[in-house]
Amino acid sequence: MYWRDVGYLCTEHEQLDALGKPYKTFEKRMVYCNSKGVKRNEFYQAQAQGYRPELCVDVRESEYHHENHFEFGGVMYRIIRTYPVAREALELVCQALIQDDGGGNVPY
């Protein structure tokens with residue numbers, strides 16, 4: 001594998017602002033990865049469970065520490081499934097996050 005793409009494994013932290021309103025921050029860690037398309041079978045099985053897989057990437061298994069978010073191409077994704085695919089590689093299937101900023105839904 002070439003590991004030519006760059007992504008960020010992210011750990012979510014919830015904090016409170018000055019008014020006591022919760023907000024989320026992410027601790028990011030850069031990793032090299034290989035992006036690939038979501039397989040048709042994977043897409044239909046996830047749709048049946050209420051998920052919408054939009055990104056599939058391979059990362060080195062040793063670099064994944066059970067993070068639940070992945071940033072790729074400036075978009076934040078939630079990891080919905082992991083699967084070992086090759087020697088020392090792990091496939092992450094991800095769904096884009098949507099954040100409501102008060103003026104409508106926008107990508108996170």
Side-chain angles (χ1 to χ4, degrees):
M1 295 195 166
Y2 295 111
W3 310 110
R4 61 180 136 212
D5 298 321
V6 174
Y8 298 89
L9 287 167
C10 305
T11 304
E12 180 180 341
H13 300 284
E14 189 167 300
Q15 300 176 340
L16 299 176
D17 64 10
L19 300 174
K21 183 178 176 184
Y23 68 95
K24 295 177 185 178
T25 60
F26 293 96
E27 180 182 334
K28 299 178 184 180
R29 189 167 47 85
M30 186 189 88
V31 294
Y32 291 101
C33 60
N34 294 315
S35 68
K36 54 188 189 177
V38 176
K39 298 175 191 86
R40 187 180 331 180
N41 189 34
E42 176 88 36
F43 180 81
Y44 288 118
Q45 287 180 0
Q47 285 282 77
Q49 299 297 319
Y51 295 110
R52 184 179 175 159
E54 300 174 64
L55 174 70
C56 187
V57 294
D58 287 343
V59 297
R60 289 182 180 97
E61 189 171 12
S62 62
E63 293 182 336
Y64 178 71
H65 303 296
H66 303 283
E67 292 88 352
N68 34 3
H69 292 85
F70 188 77
E71 183 179 323
F72 186 75
V75 178
M76 185 65 73
Y77 296 90
R78 184 174 56 126
I79 299 170
I80 58 177
R81 187 181 73 80
T82 62
Y83 185 76
V85 289
R87 192 170 152 221
E88 300 179 15
L90 191 67
E91 180 181 86
L92 307 178
V93 179
C94 306
Q95 173 178 326
L97 290 181
I98 300 295
Q99 176 185 4
D100 186 1
D101 65 352
N105 289 335
V106 295
Y108 198 81

- Okay, side chain of Asn34, backbone of Trp3: is any donor-acceptor separation there less than 3.5 Å? yes

- Query: Any donor-acceptor pair under 3.5 Å linking the side chain of Glu67 with the backbone of Leu9?
  - Reply: no

- Query: Say you draw a straight line from CD of Glu63 to CE of Met30; how long is it, rounded to the nearest 0.5 Å?
  - Reply: 8.5 Å

- Message: Could you report the tightest heavy-atom contact between Gly7 and Phe70, atom names first, then the distance?
- Response: CA-CZ, 3.7 Å

- Kindly compute the distance separating CG (Leu55) from CZ (Phe72), expressed to the nearest 0.5 Å. 6.0 Å

- Query: Rounded to the nearest 0.5 Å, how far apart are CG of Asn68 and OG1 of Thr82?
  - Reply: 11.5 Å

- Item | By side-chain contact (heavy atoms from CB on, under 4.5 Å) - contacts of Tyr83 (at least two apart) | Arg81, Val85, Glu91

- Message: Would you say OH of Tyr32 has more than 12 non-hydrogen atoms from neighbouring residues, nucleotides or ligands within 6.0 angstrom?
- Response: no

- The reported gap from CG in Leu97 to CD in Glu12 (rounded to nearest 0.5 angstrom) is 8.0 Å

- Does His66 NE2 have over 12 foreign heavy atoms under 6.0 Å away? no

- Task: State, to 0.1 Å, how close Met76 and Cys10 come at their nearest heavy-atom pair, and which atoms those are.
- Result: CE-SG, 3.8 Å

- Item | CD-CG distance between Glu14 and Leu16, expressed to the nearest 0.5 angstrom | 7.0 Å

- dist Ser35:OG -> Leu92:CG (nearest 0.5 Å) comes out at 12.0 Å

- Item | Closest approach of Cys94 to Ile79 (non-hydrogen atoms, all atoms of both residues) | SG-CG1, 4.0 Å

